[in-house]
Each structure stands twice: as C-alpha cells, then as structure tokens.
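All remarks here apply to the structure that follows.
Values reported hereafter were calculated over all heavy atoms of this structure, with side chains retained and with hydrogens, waters and symmetry mates removed. The chain is numbered in sequence order, starting from 1.
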Amino acid sequence: MLTSTLLVLMMVVPGLALFYGGMVRAKNVLSVLIQVITVFSLIAILWVAYGYSLAFSGDGKWIGNLDKLFLKGVTTETLAATFTKGVSLPEQVFVCFQLTFAGITGALIVGAFAERVKFAAVLLFALIWFTAGYLPIAHMVWATGGFLFERGALDFAGGTVVHINAGVAGLVGSYFVGKRIGFGQVALRPHNVTYTFVGAALLWVGWFGFNAGSNLEANAGAALAFLNTMLATAAAILAWALAEKLFKGKSSALGVASGAVAGLVGITPACGTVGPFGAIAIGAIAAFVCVWGVTGLKKLLKADDTLDVFGVHGIGGIVGAILTGVFSAASLGGVKGDGYSIPHQVLIQIEGVAITVAWIGVVSVVGFAIAKLVFGLRVSEDAEREGLDITSHGEAAYEA
C-alpha cells in the first residue's frame with residue numbers, strides 16, 4: 001500500500017505535470033506545473049485537517065463527521081478495514097493513500113482552464129471544490145453508510161469520485177474563465193509533445209498503484225485490477241490510433257498518449273470487478289467515445305477546455321462507470337455471479353453518474369462564482385499574450 005501510494009504521487013508529479021505541461025504553449029508551461037503541484041499540496045494539508053474525517057469518519061448518507069479532525073485518534077496503533085473480514089491495514093497508510101486520490105482529482109481540474117487563469121483563483125476554487133464537492137462524493141461512494149455505497153454502486157478506484165468529478169468541474173471552469181485569446185482563429189498547438197508522451201507513460205505506470213492499490217490487499221483481487229489496467233490501456237491506445245487513422249489519415253503521438261489516458265480512466269471504476277474481456281472492451285469503447293469527446297462534443301459544447309479534461313476524464317469516466325455495470329457480470333467474465341442483474345446495476349451506475357454530475361456541477365458554479373468575486377478569474381489580456389510564466393510567476397521555462 002505504501003508503494004501504491006507512491007505510484008499515485010508519481011501520477012501527479014511528474015506524470016500529470018508533464019502530460020499537461022507539454023500540451024500548453026511554451027510561455028505557459030511553468031504555470032501549469034506550478035498549479036498541479038500546489039493544488040495537490042493544498043489538498044494534502046486540507047485532507048489531514050478535516051478532509052479524511054469528513055470523507056471516512058461516521059456513517060452519514062451524504063457526509064462524514066469531524067471526529068477525526070486533524071487525524072485525532074489516528075495513531076500507529078489504529079487500523080483501517082479492507083474488503084476481507086479480519087484483514088486490516090495501518091490507518092495512517094489508508095489516510096495517505098486516499099490523500100493522493102483527493103490531490104490528483106484537484107490537480108486534474110486545472111487543465112481545463114490553463115493558460116489564462118489567475119493563480120490565486122485556482123487555489124481558492126480548489127479549497128471550495130474539495131470541501132463541498134470532493135468530500136461528499138467520496139463519502140457517498142466509498143464510505144460505509146454513504147448513499148451510493150449502500151445503493152450498491154460499483155466504483156472500484158474512482159470513476160465517479162475522481163474522473164467524472166474532475167471533468168465536470170473543469171468544464172464549468174472553462175465556461176467561467178472564458179476562451180483563450182485566438183481560440184478557434186489560430187492554431188494553439190502543444191509546445192512539447194515529447195513531454196506529454198512521457199507524462200502519459202508515467203501516468204500508465206503510476207495507475208497500477210491507483211487501481212491495484214484500491215484493492216487494499218496484496219492478493220488475487222489486486223492481480224485482477226493490475227491485469228485489467230494493463231489490458232484496457234493497451235486496447236484504448238490501439239483504438240485511438242485506429243480512430244485517428246480512419247478520420248485524420250495519420251495516428252499521432254498526442255493521440256496515442258490521449259488514448260492511454262482514456263483507457264486508464266475508463267477501466268478505473270471497473271478494474272476490480274470485470275474480467276480481461278471486459279477490460280479490453282471498456283478500454284476500446286472509452287477510447288472511441290473520448291475521440292468524439294475531444295472533437296465533436298467539444299464543438300457542440302462551445303467550450304475551450306484547454307487540455308480536454310471533460311472530453312477524456314469526464315466522458316471516459318461516464319463510459320467506464322456505466323459499462324462497469326455491464327461487464328462485472330460473471331456471464332461476461334466479471335466477478336458478480338448469483339443474483340446479479342445487468343439492467344439493475346446499470347441503472348444504479350447511471351444514478352451514481354447523475355448525482356456526481358449534478359452535485360459537482362452546482363458546487364463548481366458556486367466555487368468559481370466566489371473565486372471570481374474575490375480575486376477575479378482571468379489574467380489581463382496583456383498578461384495572457386505575454387504568458388503566465390513571466391506575468392504570474394516571474395520565470396521563463398526556456399531561455400531565448
């Protein structure tokens with residue numbers, strides 16, 4: 001579990017930082033790296049202060065309680081339950097593992113409005129979103145007594161809690177912050193696809209900690225999640241490359257990197273309950289739908305989601321969450337046998353998706369409205385043209 005926790009940290013810094021950093025223009029790369037690492041760090045502190053307690057203490061339907069404020073009562077002697085009766089792990093390990101999930105979710109959001117947002121506004125929004133958005137969803141889905149947990153919603157490693165959550169918050173943010181100067185008129189190309197490719201590779205490696213670690217035990221359940229994470233990603237890479245070849249004539253490095261992430265997102269909620277066949281199917285389907293998400297849907301929404309947070313994480317998370325209900329069935333290679341009903345489970349999965357979208361949508365609107373009122377959301381036009389690296393942080397990534 002400690003190794004899995006480190007792997008999830010690697011997903012954020014350097015994985016996500018490089019993945020995002022390569023996709024923006026050279027004048028904004030440092031601003032993205034800074035936003036990723038500082039949002040993660042802010043949430044890490046908030047998690048220990050009150051986040052862990054509200055997410056995992058108590059058995060309320062919608063939110064926990066403050067019994068473990070500042071980790072009160074969490075010591076080297078206390079234990080956290082796993083999925084096996086009588087098997088526990090040190091609670092401090094569970095605290096840290098879940099900290100990384102909260103942190104990466106917040107860091108994912110910043111990609112949607114990169115290249116034109118005020119740094120202070122990002123941090124204030126992260127605080128509001130984490131408190132009113134992430135913690136209730138995490139409690140509802142993963143904690144005993146939580147509404148969706150008790151309803152039987154399946155989300156093994158964070159399809160709703162992490163990916164749909166981040167995707168919806170990012171989409172709302174892209175509307176609030178507004179489109180980049182020149183969006184739709186000039187090409188706003190990635191400045192370093194190599195960074196993005198390396199970041200995607202680090203995400204894939206780190207994701208084994210994310211998914212297999214969510215089993216909480218080193219046993220066959222972790223092995224299943226590990227295998228599924230491998231297969232879904234491979235299938236998604238091939239599917240995205242094929243889609244690009246069919247529709248654009250060429251398969252791109254940026255495309256296969258995006259395909260990897262789409263497959264990883266899609267398999268996240270399903271990795272512990274589907275079989276290898278289901279993993280391959282989910283990875284391929286998620287990739288094809290996400291290709292549409294970052295092209296056709298993006299145009300329909302008229303949003304400048306800079307790094308396609310909603311198109312990949314939001315859409316991939318929705319596809320994965322719903323298909324979890326299908327491919328978890330034993331008849332399709334999953335682990336759910338006697339009495340399992342695909343239509344019934346799919347309806348529960350859709351309910352979980354709908355609650356997450358609605359809850360995070362409302363929280364995000366409120367969060368961005370408050371940040372706009374307090375700091376303003378967008379840098380000046382001159383600052384945006386010069387680049388956030390210099391104007392917001394006083395540094396340049398590359399010397400002329």
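Checking side-chain atoms of Thr306 against main-chain N and O of Ala114 turns up a donor-acceptor pair under 3.5 Å. With Gln349 contributing its side chain and Ala321 its backbone, the two residues share a donor-acceptor pair below 3.5 Å. The backbone N or O of Lys68 lies less than 3.5 Å from a partner atom in the side chain of Ser53, making a donor-acceptor pair. Panel note: side chain Thr5, backbone Cys96; no donor-acceptor pair is recorded below 3.5 Å.
Residue Ile280 belongs to a hydrophobic cluster whose other members are Leu227, Leu231, with links defined by side-chain heavy atoms closer than 4.5 Å.
Counting heavy-atom neighbours within 6.0 Å of Ile128 CD1, excluding the residue itself, gives a total above 12. More than 12 heavy atoms of other residues, nucleotides or ligands sit less than 6.0 Å from atom NZ of Lys298.
Note: Phe368 and Phe113 meet the aromatic proximity criterion, with ring centroids under 6.0 Å apart. Aromatic rings of Phe56 and Phe94 (six-membered ring for Trp) have centroids within the 6.0 Å cut-off, being under it. For His191 and Tyr398, the ring centers are positioned less than 6.0 Å apart. A centroid separation of less than 6.0 Å is found between the aromatic rings of Phe147 and Trp62. The ring of Phe70 has its center no closer than 6.0 angstrom to the ring center of Tyr50. Ring-centre distance between Trp207 and His163: below the 6.0 Å cut-off. Proximity of the aromatic rings of Phe119 and His393 is defined here by a centroid distance below 6.0 angstrom, and this criterion is met.
The minimum heavy-atom distance linking Asn228 with Ala279 is given by the pair OD1-CB, 3.4 Å.
Taking the six-membered ring where tryptophan is involved, the planes of Phe277 and Phe327 are perpendicular, since the angle between them exceeds 60° and thus also 30°. Using cut-offs of 30° and 60° on the angle between ring planes, the pair Tyr134 and Trp47 is perpendicular.
Two residues are said to be in side-chain contact when any heavy atoms from C-beta on lie closer than 4.5 Å; Thr324 and Asp155 fail this criterion.
Judged as a salt bridge (Lys or Arg N to Asp or Glu O under 4.0 Å), and not counting sequence neighbours, Asp389 has no contacts.
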